[in-house]
Asks: 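A single structure is presented below for examination.
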There are 2 protein chains.
Amino acid sequence: MACENETAVVLREAGQKVTPQRVHILCEVRHAGVHITASRLIDELRVSHPFIDASTVYRTLASAADLGLVYETDMGSGESEFEWVGKDRHHHLICRSCGDVESLDNSYLDGMATLLYEEAGFQADLGHFAIFGVCKGCQTKA
Amino acid sequence: MACENETAVVLREAGQKVTPQRVHILCEVRHAGVHITASRLIDELRVSHPFIDASTVYRTLASAADLGLVYETDMGSGESEFEWVGKDRHHHLICRSCGDVESLDNSYLDGMATLLYEEAGFQADLGHFAIFGVCKGCQTKA
DNA sequence: GCTGCAGTTGCAACGACTCGCATTTGCAAC
DNA sequence: GTTGCAAATGCGAGTCGTTGCAACTGCAGC
């Protein structure tokens, strides 16, 4: 399976041991294509790889996030959501009234990151943000 | 107690029932002066008001956050931190290397909020943010 | 002051996630 | 192919936080 080989390479390049558990977990995140919660991932892995323990899933996701291989984001559902770090970085605007989730271009946060670096010397991690608020449609309802 | 009266007024003005539990919980948050975790709050209340249940604390904090009376922020400790919404709005820069927490002026995020409104029509809640990254001192160590 | 009702509360159970530890295992060195 | 060791894993216990429900209560109306 190409994905599993690629994932193994990514892990090795990150200086990590390549275990079957990790390969399967991270492949599942890559295959999800969009955000996936830990509990959804655990459910899916329970079917396809029942030998993998839930604590292993949490640890693998946490270390992958530390390594910059996945984004971990609080989208307001009460559970962290995970996404493979791809080429297309983006953020989200989440309406707390209607629950709508919109993609947000990088430039808004990149601009701020640049300022933070130039003015405060701080190198911000702004990989994947969720910004809560009220969308255009819900403002006109009030 | 002035604080309790003020807190009762704030609750009433927010259209909420004024219960002894809520008054005590929110007074404790106001008195904390700085961020306080839910479990720290629960411990303090257990001493001063042992009849208040932990689930009531969580519910009161959640509804106060919804009403905009307190900020709830994930500062990376594994526990949400709460702070009474005061006049002086600020954000934080948190270094993931040394753990240092710096205050951040409003203007960085306010600028972005303005752009989001003007360009996307989105009214962002940017009350109290924690931005993770690497501080100036830890960058030069690498 | 009493009443009724919608909202709040305490309790116990539960969900999402973390931690300690004994055992297993990836992999570098031989 | 074997060995040793540091890291990974499964398991069970635990933490932080949520939820359902019966009982309680703030407060508007009388």
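Letters A, B, ... are given to chains in the order of the sequence lines, protein chains preceding strands, and every chain is numbered from 1.
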Asks: A/His31 vs A/His24, test: ring pair (Phe, Tyr, Trp, His ring centres under 6.0 Å). Steps then yes/no.
Replies: CA-CA 10 Å; A/His31 282 135; A/His24 293 317; over 10 Å; no
Asks: Quick check for you: name the first and last nucleotides of DNA chain D, 5' to 3', having an atom under 4.0 Å from a heavy atom of chain B.
Replies: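 Nucleotide range in contact with chain B: D/dC16 to D/dC27.
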Asks: Roughly how far, to the nearest 0.5 Å, is the OG1 atom of B/Thr19 from the CD1 atom of B/Ile52?
Replies: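 The CD1 atom of B/Ile52 sits 8.0 Å away from the OG1 atom of B/Thr19.
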Asks: Could you tell me the separation between the CG atom of B/Asp53 and the OG1 atom of B/Thr60, rounded to the nearest 0.5 Å?
Replies: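 Going from CG on B/Asp53 over to OG1 on B/Thr60, the span is 10.5 Å.
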Asks: Looking for any heavy atom pair under 4.0 Å, which part of the strands does B/Ala54 touch: base, sugar-phosphate only, or nothing?
Replies: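 No contact.
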Asks: Which base, if any, makes a Watson-Crick or G-U wobble pair with C/dC30, both distances under 3.5 Å?
Replies: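 For C/dC30, the partner nucleotide comes out as D/dG1, under the 3.5 Å rule.
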Asks: Got a second to check how far A/Leu69's CG is from A/Phe82's CZ, nearest 0.5 Å?
Replies: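 Output value for this atom pair is 12.5 Å.
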Asks: Fit a plane to each ring of A/Phe129 and B/Phe129, take the angle between them on a 0 to 90° scale, and name the class: parallel (under 30°), tilted (30 to 60°) or perpendicular (over 60°).
Replies: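 Parallel: the ring planes of A/Phe129 and B/Phe129 meet at under 30°.
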Asks: Expressed in angstrom and rounded to an integer, what is the separation of A/Arg40 atom CZ from C/dA16 atom C1'?
Replies: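 Answer to the nearest Å: 17 Å.
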Asks: Hey, which of these two, A/Ser55 or A/Ser39, hits DNA chain C nearer its 5' end, going by closest nucleotide?
Replies: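 The residue mapped nearer the 5' terminus is A/Ser39.
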Asks: How would nucleotides 1-9 of chain C be written as a contact map, 5' to 3', with B for base contact, S for sugar-phosphate-only contact and - for no contact, using protein heavy atoms under 4.0 Å?
Replies: -----BSSB
Asks: Once the angle between the rings of B/Tyr71 and B/His128 is folded into 0 to 90°, is it parallel (under 30°), tilted (30 to 60°) or perpendicular (over 60°)?
Replies: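 Ring orientation, 0 to 90° scale: parallel.
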Asks: Atom CZ of residue position B/Phe132 - does it have more than 12 heavy atoms of other residues, nucleotides or ligands inside 6.0 Å?
Replies: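 Check passes, neighbour count above 12.
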Asks: Describe the nucleic acid contact of A/Ser80 in one word from base, sugar-phosphate, nothing, applying a heavy-atom distance below 4.0 Å.
Replies: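 The residue A/Ser80 makes sugar-phosphate contact but no base contact.
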Asks: Establish, with yes or no, whether the OP1 or OP2 oxygen of C/dT18 is under 4.0 angstrom from a side-chain nitrogen or oxygen of A/Tyr58.
Replies: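 No, because none of the side-chain N or O atoms of A/Tyr58 sits under 4.0 Å from OP1 or OP2 of C/dT18.
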Asks: Provide the full list of salt bridge (charged side-chain N to carboxylate O under 4.0 Å, His left out) pairs with a residue in residues 57-85 of chain A, sequence neighbours left out, each pair given once.
Replies: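 Output for this query is empty, none listed.
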Asks: Specify the separation, in whole Å, of atom CD1 of A/Ile42 and atom P of C/dC17.
Replies: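 Taking atom P of C/dC17 as the reference, CD1 of A/Ile42 is at 7 Å.
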Asks: Do B/Asp43 and B/Arg46 meet the salt-bridge criterion of a basic N to acidic O distance under 4.0 Å?
Replies: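 Answer for the salt bridge query: yes.
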Asks: Report the distance from atom CD of A/Glu72 to atom P of C/dA16, rounded to the nearest whole Å.
Replies: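 One finds 15 Å between P of C/dA16 and CD of A/Glu72, rounded.
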